[in-house]
Amino acid sequence: MADSFAGQLLAWYDQHGRHDLPWHHDRNAYRVWVSEIMLQQTQVATVIPYFEAFMKRFPDVAALAAAPVDDVLSHWSGLGYYARARNLHKAAQQVVAEYGGEFPQQQETLEALSGIGRSTAAAIVAQAFGIRAAILDGNVKRVLARYHAIPGWPGQTAVLNQLWQHSEEHTPEDRVRDYTQAIMDLGATVCTRSRPACERCPLQPGCTAYARQETTSYPGAKPKKAKPEKTTWMVILEDHQGRILLERRPPSGIWGGLWSLPELDPAYGPEELPDACERQFGFGCSDAELISGFRHTFSHYHLHIQPARLAVTGPTGVAEETEQRWVHRDEALALGLPAPIRTLLTTPEQTALL
DNA sequence: AATTCGTGGAA
DNA sequence: TTTCCAAGAAT
């Protein structure tokens with residue numbers, strides 16, 4: 001055991017692992033679950049303040065289930081991947097309604113909940129209940145791809161399946177809670193994507209990539225693709241009370257479910273914006289004052305945001321098909337906005353020189 | 001099965 | 001400045 005993959009890892013973990021992250025305290029299924037969702041594709045340092053605030057506002061699954069979804073989204077504002085927040089809220093209600101507020105302890109049952117996939121279900125089961133289950137996050141993928149010198153990009157199903165198989169093989173019966181934490185810690189602090197510290201690695205003796213001095217060749221790189229360019233108008237419509245118009249974005253797509261500024265067809269010229277606003281929103285506007293535009297890069301495309309500010313001149317009716325709200329700026333910030341929009345609304349607006 | 005979901009840190 | 005990608009899941 002001591003000289004096995006897991007044994008070597010656990011011995012290292014006892015000395016060098018991370019033992020005092022926020023979700024390690026008062027450990028229960030709820031806290032483990034929330035932390036695992038927040039940590040999806042998100043670094044530990046980014047998550048910590050969000051986790052603390054979230055736990056203060058929603059201390060248990062019942063509190064989360066009973067909260068308005070906008071309250072949940074506002075606590076997620078700036079964290080990204082907002083479907084996680086909506087799924088988290090939905091799953092909390094599922095746990096309360098279907099399981100009386102007690103988390104199921106079976107991996108398959110957890111996987112049926114919104115936002116919980118194979119790896120997250122395994123992590124919850126292992127961390128919260130100490131039940132043997134194999135995880136496969138970015139850290140484990142990197143460690144195993146190097147240890148076994150597995151070629152190819154893990155985005156390919158065939159590569160992913162091999163990594164899952166190795167993860168299953170190495171996961172021990174005993175100390176699964178520590179083992180699961182250990183292999184993630186190793187990936188995060190030793191087997192890093194650039195300049196791995198192989199001289200400090202407990203798995204170095206059996207590591208194929210190290211033996212070949214090819215550690216940085218694994219895992220295989222994602223194929224490159226040019227990012228498409230997209231452009232949009234985002235308008236700050238301000239009434240005489242200093243309130244601005246926000247719209248809820250559709251549940252799918254970028255910033256799904258969040259409140260944001262109304263968008264207009266990028267084909268409009270600046271001088272056409274007042275008429276476009278009147279047609280789309282049903283009230284008159286003054287000439288558009290252009291604000292410095294900026295480019296925001298997402299994983300698959302670049303978004304050019306052209307902000308414009310218009311003063312509302314006519315009466316402001318209530319929404320039709322899309323959900324709308326007139327709010328003061330401080331209220332907008334409390335609603336939970338996408339990070340670039342929050343920046344836009346809190347940065348002094350400068351007229352562009354176009 | 002490959003793509004689409006954010007954001008910020010690191011190189 | 002640009003690129004990569006991190007405690008993945010849903011589609």
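Below, chains carry the letters A, B, ... as their sequence lines are ordered, and counting in each starts from 1.
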Under 4.0 Å between any heavy atoms, over every strand shown, what does [X] touch: base, sugar-phosphate, or nothing? Just pick one.
{"X": "A:Ile116", "answer": "sugar-phosphate"}
{"X": "A:Gln127", "answer": "nothing"}
{"X": "A:Ser252", "answer": "nothing"}
{"X": "A:Leu79", "answer": "base"}
{"X": "A:Trp23", "answer": "base"}
{"X": "A:Leu21", "answer": "base"}

[M] and [N], which share atom name [atom1], separated by this distance in whole Å:
{"N": "B:dC5", "M": "C:dA7", "atom1": "P", "answer": "23 Å"}
{"N": "B:dT4", "M": "C:dC4", "atom1": "P", "answer": "16 Å"}
{"N": "C:dA9", "M": "B:dG8", "atom1": "P", "answer": "23 Å"}

Is any side-chain nitrogen or oxygen of [X] closer than 4.0 Å to OP1 or OP2 of [N]?
{"X": "A:Lys224", "N": "C:dC4", "value": "yes"}
{"X": "A:His300", "N": "B:dA2", "value": "no"}
{"X": "A:Ser299", "N": "B:dT4", "value": "no"}
{"X": "A:Trp153", "N": "B:dA2", "value": "no"}

### Message
Within the supplied structure, the quantity of interest is the number of heavy atoms (other residues, nucleotides, ligands) at a distance under 6.0 Å from A:Asn28 CG; does it exceed 12?
### Response
yes

In this structure, how many angstroms lie between the [atom2] atom of [N] and the [atom1] atom of [X], rounded?
{"X": "A:Leu303", "N": "B:dT7", "atom1": "CG", "atom2": "P", "value": "11 Å"}
{"X": "A:Arg249", "N": "B:dG6", "atom1": "CZ", "atom2": "P", "value": "9 Å"}
{"X": "A:Arg86", "N": "C:dT11", "atom1": "CZ", "atom2": "C1'", "value": "13 Å"}
{"X": "A:Trp255", "N": "B:dT4", "atom1": "CH2", "atom2": "P", "value": "17 Å"}

Could you tell me which non-hydrogen atom of [X] sits nearest to which non-hydrogen atom of [Y], and how far apart they are?
{"X": "A:Arg18", "Y": "A:Val44", "value": "NH1-CG2, 3.8 Å"}
{"X": "A:Leu64", "Y": "A:Phe54", "value": "CD1-CZ, 3.7 Å"}
{"X": "A:Leu310", "Y": "A:Cys277", "value": "CD2-SG, 4.2 Å"}

## Note on the structure
Ranking A:Lys222 and A:Glu111 by the position along DNA chain C of their nearest nucleotide, the one closer to 5' is A:Lys222

### Task
Hey, can you tell me if A:Phe103 and A:Tyr30 have their rings parallel, tilted or perpendicular (30° and 60° cut-offs)?
tilted

### Residue-level proximity of residues 185-201 of chain A to DNA chain B when a heavy atom falls under 4.0 Å
A:Arg193, A:Ser194

### Query
For DNA chain B, what residues of residues 28-46 of chain A have any heavy atom nearer than 4.0 Å?
A:Gln41, A:Thr42

Among the candidates [options], find the nucleotide nearest to the side-chain atoms of [X].
{"X": "A:Arg84", "options": "C:dA6, B:dG6, C:dA9", "result": "B:dG6"}
{"X": "A:Tyr81", "options": "B:dA2, C:dA7, B:dG6", "result": "B:dG6"}
{"X": "A:Tyr301", "options": "B:dA1, C:dA7, B:dC5", "result": "B:dC5"}
{"X": "A:Ala339", "options": "B:dA2, C:dA7, B:dT7", "result": "B:dT7"}

### Task
Begin from the C-alpha positions of A:Glu331 and A:Arg243 and carry the test salt bridge (Lys or Arg N to Asp or Glu O under 4.0 Å) through to its verdict.
CA-CA 9 Å; A:Glu331 298 176 294; A:Arg243 301 181 307 175; over 6 Å; no

### Task
Establish, yes or no, whether a centroid distance under 6.0 Å links the rings of A:His296 and A:Phe294.
no

#### Entry: Ion pair check, A:Glu272 and A:Arg279, cut-off under 4.0 Å
no

### Query
Can you find a heavy atom in the side chain of A:Arg200 that is under 4.5 Å from one in the side chain of A:Trp12?
no

### Query
Considering only heavy atoms from C-beta outward, does the side chain of A:Cys285 approach that of A:Leu273 to under 4.5 Å?
no

### Query
Can you tell which of A:Thr232, A:Thr231, A:Thr297 makes a side-chain contact (heavy atoms from CB on, under 4.5 Å) with A:Leu303?
A:Thr232

